[in-house]
Amino acid sequence: MRKPLISGNWKMNLNHFEALTLVEKLAYQLTKDVFERVDVAVHPPFTDLRTVQTVIASDSLEIQLGAQHCHWEATGAYTGEISPAFLAKLDVKLVICGHSERRELFGETDEMVNHKVKAIIAHDMTPIMCVGETLEEREAGQTETRVLDQVRAGLDGLKREQVGQMVLAYEPIWAIGTGRTATADDAQAVCAAIRGAVVEGWGAPAGESIRIQYGGSVKAANAAELIAMPDIDGALVGGASIDAEEFARLVAFAAEA
Ligand code: PEP
């Protein structure tokens with residue numbers, strides 16, 4: 001049984017004071033039994049990580065700390081980049097890589113995503129590798145080809161047991177931050193195809209244990225329906241994750257799904 005993972009991607013929102021307030025509000029609203037049913041993570045901006053880590057540690061919160069991105073090298077002359085080793089030292093547990101905003105706005109390629117996935121695993125953190133099609137690709141009937149190409153390229157060279165521990169996030173680009181969501185049936189079909197590709201490439205145990213999130217305008221109102229689908233094991237949430245009440249409601253619905 002795969003435990004669903006609900007991840008809040010705060011993107012480039014909230015300074016470290018605001019982050020502190022949000023995580024405290026969230027901790028207050030999430031009950032103990034919710035954490036028995038779902039894992040919850042927050043991915044603040046880099047400048048907030050130390051602050052959020054300190055609250056999580058000092059209050060023994062069950063919320064997991066995540067980052068939004070990293071480089072694949074541990075140290076060196078990479079001005080402005082973030083080392084996976086430094087994230088691990090901050091007790092970061094999960095790192096998003098290949099988010100469509102990084103692919104589109106910052107030129108992240110499948111090859112770079114693959115390097116990052118390997119580096120994140122090498123530093124004992126869990127990658128959340130994002131894949132998803134554009135609206136044009138969807139309308140041209142290329143969703144599955146595009147998404148499965150990204151999955152195979154991003155996981156290339158990984159061992160079966162490494163893949164089995166990972167998280168993939170299916171995020172149709174046209175649904176991110178737009179208020180448009182894939183129907184639960186559509187999202188399920190793509191997530192099932194992703195799982196099928198993992199089984200084919202890395203074996204049935206890896207396919208059975210890998211967690212596949214859906215992302216794209218997930219809110220409290222649609223979370224339960226999506227997460228109830230057999231191949232959807234949680235959600236990667238942007239906009240709705242920076243509102244403590246909305247995110248806590250979303251997590252509670254997911255826990256009931
Ligand atoms: C995201 O940031 O990955 C995302 C899915 O954003 P939103 O929930 O705002 O669409």
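For ligands, and for the atoms within them, numbers begin at 1 and follow the listed sequence. All values below were derived from every heavy atom in this structure, side-chain atoms included, with hydrogens, water molecules and symmetry-related copies excluded.
Distances below 4.0 Å separate heavy atoms of A175 from the following atoms of ligand 1: 10 (O). For ligand 1, the atoms closer than 4.0 angstrom to any heavy atom of H99 are 1 (C), 2 (O), 3 (O). Within ligand 1, the atoms closer than 4.0 Å to a non-hydrogen atom of G216 are 5 (C), 10 (O), numbered from 1 in the order shown. Here is the list of ligand 1 atoms found below 4.0 Å of a heavy atom in G239: 7 (P), 8 (O), 9 (O). Atoms of ligand 1 found under 4.0 Å from any heavy atom of I176 (numbered from 1 in listed order, with element): 4 (C), 6 (O), 10 (O). For ligand 1 and S217, the ligand atoms under 4.0 Å from any heavy atom of the residue are 7 (P), 8 (O), 10 (O). Under a 4.0 Å criterion applied to the non-hydrogen atoms of G177, ligand 1 contributes the atoms 7 (P), 9 (O), 10 (O).
With a 4.0 Å cut-off on non-hydrogen atoms, C130 does not touch ligand 1 at all.
Here the closest non-hydrogen pair linking T178 and S217 is N-OG, 3.5 Å.
Closest to atom 2 (O) of ligand 1, if we only count protein heavy atoms, is K11 CE, 2.7 Å. Protein heavy atom in closest approach to atom 8 (O) of ligand 1: G238 N, 2.8 Å. Of the protein's non-hydrogen atoms, E171 OE2, 3.0 Å is the one closest to atom 5 (C) of ligand 1.
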Q: Could you check H69 against E81 for side chain to side chain donor-acceptor pair (under 3.5 Å), going step by step and ending with a plain yes or no?
A: CA-CA 9 Å; H69 151 78; E81 274 298 338; 3.3 Å; yes
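The closest side-chain donor-acceptor pair between H43 and K11, if any, does not fall under 3.5 angstrom. With no hydrogens or angles considered, a side-chain donor-acceptor pair links Q213 and S7 at under 3.5 Å. Using modelled atom types, one finds no donor on one side chain facing an acceptor on the other under 3.5 Å when comparing D185 with T183.
E133 pairs in a salt bridge (Lys or Arg N to Asp or Glu O under 4.0 Å) with only one of the listed residues (R103, R138, R146), which is R138. For the pairing with I194, the side chain to side chain contact (heavy atoms under 4.5 Å, CB included) check across I210, V199, I212 returns one residue only, I212.
Between K3 and D233, no side-chain nitrogen of the basic residue sits less than 4.0 Å from a carboxylate oxygen of the acidic one, so the salt-bridge criterion is not met.
Here's the thing with N9: one of its N/O atoms is less than 3.5 angstrom from an N/O atom of ligand 1. By the 3.5 Å distance cut-off applied to N or O atoms, E101 is not counted among the residues near ligand 1.
Counted within 6.0 Å of NZ on K25, heavy atoms from surrounding residues, nucleotides or ligands total 12 or fewer; the atom is thus considered open.
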